[in-house]
Amino acid sequence: MARIGVAFSGGGIRSASLCSGVLRRLLQKKVNIDYLSCVSGGGYTGTAYLDWKYRHGKKDDPEWHKQFFENMRKRSGIFCNWKKPCQGILDSIILSTMVIFVAFIIPILLWTSYACPLAFVVDFLFGRILRGGSKPCKKLAKRDPKISLKECELERHASPEVVNQQFILFAVPVAVAIVCGVVRGMIPKGKGFFNFLIMSCVVFFGLVFIPWFIDNFLAYVPNWMKILIILPTFIVWSSFPLMRKNATLMLVIYFYSFVIYWRVFNGRVLETEYDDEIFFMLLAISTLFLWSAPIIGTVQQRIGHVYNRWRIQRALYTSASVGCCGCAGISWRDLFLRCPKCPRSRPRGINISTALTLEDLDDVKPIYISGITINKWRRTNSPKEPDYELLMMTPHGIERLDRPPNEREFDGKLMPLDIYLSDAMATSAAAVDHHMGARESDDASFRDLKVILGVSMGTAIVSDERHEGKRNCCIQFLPLLVEVIRILPLVLCLIIFWHTDQRRYLAYGILSFFVILVLLTLTALVPTGGSKPGRLERIARWFTINIAYVSFVRKTIGMINQGPNPPPVLRLSDGGHIENLGILPLLKLRLKRIVSVNGGRTISDGDYGATLLAGLDMARKKLGCSFSAMDGRDIAEDIRDNFVEKPPGSQPSSYRFKVHYYDTNPNGDGKTKVGEGEILFIAPRHPNKTAQKKTFDSWGEVLRDIDVDLEAGHWGPGPELSAEEVDRLTFCCCECCHGNTCRGLSEWMCGAFPQHSTGNQFFTQAMFTSYHREGYRACMEAEAAEFLFEGQRPESAATAFSSI
């Protein structure tokens, strides 16, 4: 049956503003849309519209439409509302405080907490070899004036026995790493385990060699010169692609090495002489942070997503859906990976004042589709298959784009009832994450840095939430017991040491702590994803879900789930990390007519068709579609001639082309064409570049056949913009930042209309209005409403709600 769909692309608040103008025109023309596919910023507008529609009886009406768009305009400063100066100051303080706390304070607390225990272990196990004696020369020289510091050091450096022991200590991890590198290529299934061994050898070598190097070669070098040694690490980071992903780890090892040097050799670090009392006081403080590290780390990695979700839903959704503080649907559970719960159940009705789930929209038209990137999951064991795919969340089910027809991997596990509408929207808009889908290769050099700093807007969802919630109550408390066992040896031995001063007990406790960490790390390396998981895999899945440290390790090392069984924890990020237009779900549905609104950023006019061509190429590979111009010409050439390379003053805002749908024959010998459709692509243009008009139509003239009025003072004189109106939209946040001064600086920092930087989420009402009007104008110019009307049939309503 003929069905139609609209796709709103990613692009943050810029795309949301543009798409709102397109949506307004389609609603005014009473277009009956079947599907609405949204990615990232396009979901701001799409989900807000559906939320308002649900709260207004699930029916469209010009009266609440007017209130809806006016609310979007007033609340366009989603993250920092400087329309009210006091509110703007408060928002800025909250945002700045969160960034400082998450990206600076927490990483310092978490990553420095391992330094003193590591230093104690290295000193206990290898201190005698590194020093060449049982005690540091500096300590011996202080206790006995007859012992010369230089003579002691020279004697130890000249001892053949000491040199041989040190050589063996340094050579063994290097040799093991080389052997593992060779064996890794012979045993593909053990790649993850051998990578762990190689990394462990590198870390071990750094933790014993660098302190020795500092004492032997840098002991008398000024501190400023020691700091300069860090610079080659950054040079390696930027110059050699194979080394970039390990540069941040090397910086951490470098810091740990100075602490180990401080302990093992009783050296001076940043003008601080070694002191036993200070060291053991820091060790006691470290114990507290080591106990809370997994919990704090999980909160650190999820608070960005929670904050983003809270700000957007609070600004754009109805008060009935978000409550008085805008926090409806958000609880302390969202800051942790998993907490036991039963599936939500509540009476159905449109007057319930609570956050909406996807299931609440199962009979609301258009059917919402949220495009999300699911990371670190291959359905097969082939290394050629990407470890990311598009995950579609709809009111009728959750599935991967490449899911075979006979598999429904999330049925009975993760359902629309379990996903809040705002959560699906915010996850699709998680532009910055540790795992970046198709952009992973470009972002790999900074992934470990983002892990350390907790820079993340993505989220993690347990794939079988319902099964976990039904476990026996005793098993529900087992994670707490594991956490107690993890830290208990260290705490007990620290208490014993405090009363007996027997350092061997403290060493036993710290060693036991690190042994437990190694065992948990090995658990994180167990492969998952098999169609019939064995006992070991089921144990690994349980630990990944319930033990924060195991989940953190799997995320840090990028452990890939291989097989048809979903990962125990779904790593989700921005849908634009795969395809930013949001047209793939609509092409999979084989719709008759599709309108694609591109609010993504394009740096130059020559790249205007790049995003579209990239999306079409994915549709060819993943869905078997083919595309042609309306006259049958090659699509790439036609886009270049009729859409991209038009001279300024005649550049169109839309491009129309055909899509051909194919199915694989039952016997597998080729494909058969099963239908075709048309796609209308809409993109914004600068007033000086679009087709010029002698006179601009006012809102009254545009709406003369529509029973709607607009306040010209808020929405301008009409949909057409002048160059003067958009060129003054400099900088961001506040209306007073707009003007014609410093235009070049503003364009360099924030971009210019219609391509303001996607990173700029601090839109003013004037900026929102301009993009809204441009979307409305482009929709009119493209005759999108008329295009969609052509694709509709009277009988399509009967099948509008068929499952995706």
Side-chain angles (χ1 to χ4, degrees), residues 102-103 106-107 110-111 114 191-193 195-196 199-200 203 245-246 248-249 252 292-306 334-339 372-378 386-389 391 427 430-437 439-441 443-465 468 479 482-483 486 517-529 537 540-562 566-574 577:
V102 169
I106 291 183
L110 291 182
W111 291 94
Y114 289 91
K191 184 177 180 181
F193 175 73
N195 285 338
F196 170 72
M199 186 59 65
S200 300
V203 171
K245 63 181 181 179
N246 296 322
T248 305
L249 176 62
V252 175
S292 59
I295 299 174
I296 296 176
T298 302
V299 173
Q300 177 202 26
Q301 295 184 9
R302 294 176 66 85
I303 194 171
H305 170 76
V306 173
D334 295 282
L335 293 176
F336 301 93
L337 178 62
R338 196 195 76 82
C339 302
I372 296 170
T373 299
I374 182 168
N375 300 282
K376 302 304 173 184
W377 180 15
R378 291 194 184 107
D387 59 4
Y388 53 84
E389 186 53 271
L391 186 71
T427 303
V432 180
D433 194 44
H434 305 152
H435 305 302
M436 300 285 284
R439 301 183 185 179
E440 182 79 20
S441 57
D443 194 65
S445 57
F446 296 97
R447 189 180 69 83
D448 57 337
L449 178 62
K450 289 190 293 184
V451 170
I452 289 175
L453 297 181
V455 180
S456 172
M457 293 173 61
T459 189
I461 299 178
V462 176
S463 60
D464 197 354
E465 182 82 30
E468 292 298 321
V482 174
E483 291 294 343
R486 181 179 66 87
L517 288 189
V518 170
L519 293 176
L520 292 176
T521 303
L522 292 175
T523 303
L525 297 175
V526 175
T528 57
E537 181 176 338
R541 293 179 72 90
W542 183 89
F543 271 85
T544 302
I545 294 171
N546 295 277
I547 306 303
Y549 176 81
V550 176
S551 178
F552 177 80
V553 170
R554 287 181 69 95
K555 185 171 185 178
T556 302
I557 65 178
M559 191 68 181
I560 298 174
N561 186 87
Q562 299 192 97
V569 176
L570 308 180
R571 308 292 182 187
L572 307 178
S573 63
D574 195 324
H577 293 165

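Position 1 is the first residue of the sequence, and the numbers go up from there. Here the structure is a predicted model, which is why all the values come from computation and not from measurement.
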Reported [atom1]-to-[atom2] distance for the pair [X] and [Y], which is rounded to 0.5 angstrom:
X    : Y    : atom1 : atom2 : result
L570 : I372 : CG    : CD1   : 10.0 Å
L519 : F543 : CG    : CZ    : 9.5 Å
K376 : R571 : NZ    : CZ    : 11.0 Å
Y388 : H435 : OH    : NE2   : 14.0 Å
L520 : L525 : CG    : CG    : 11.0 Å

Which atom pair, heavy atoms only, marks the closest approach of [X] to [Y]?
X    : Y    : value
P566 : N561 : C-ND2, 3.9 Å
I374 : W377 : CD1-CE3, 3.3 Å
T373 : G437 : CG2-CA, 4.0 Å

Less than 4.5 Å apart, any side-chain heavy atom of [X] and any of [Y]?
X    : Y    : answer
P107 : Q300 : yes
P479 : I547 : yes
T528 : T544 : no
L572 : I461 : yes
D433 : M457 : no

Mind checking what makes side chain to side chain donor-acceptor pair (under 3.5 Å) contact with [X], not counting sequence neighbours?
X    : answer
T459 : none
S573 : N375, H577
T521 : Y549
R541 : none

Practice task
Applying side-chain contact (heavy atoms from CB on, under 4.5 Å), name anything that partners A524, two or more places apart in sequence or on another chain.
Solution key: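 For A524, the residues satisfying side-chain contact (heavy atoms from CB on, under 4.5 Å) (neighbours in sequence not counted) are V550, V553, R554.
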Problem - Check: R378 side chain, G529 main-chain N or O, donor-acceptor pair, under 3.5 Å - result: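 It does not hold such a pair.
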Practice task
Please list, chain by chain and in numerical order, all residues satisfying salt bridge (charged side-chain N to carboxylate O under 4.0 Å, His left out) with E483, sequence neighbours excluded.
Solution key: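 E483 satisfies salt bridge (charged side-chain N to carboxylate O under 4.0 Å, His left out) with R486 once adjacent residues are dropped.
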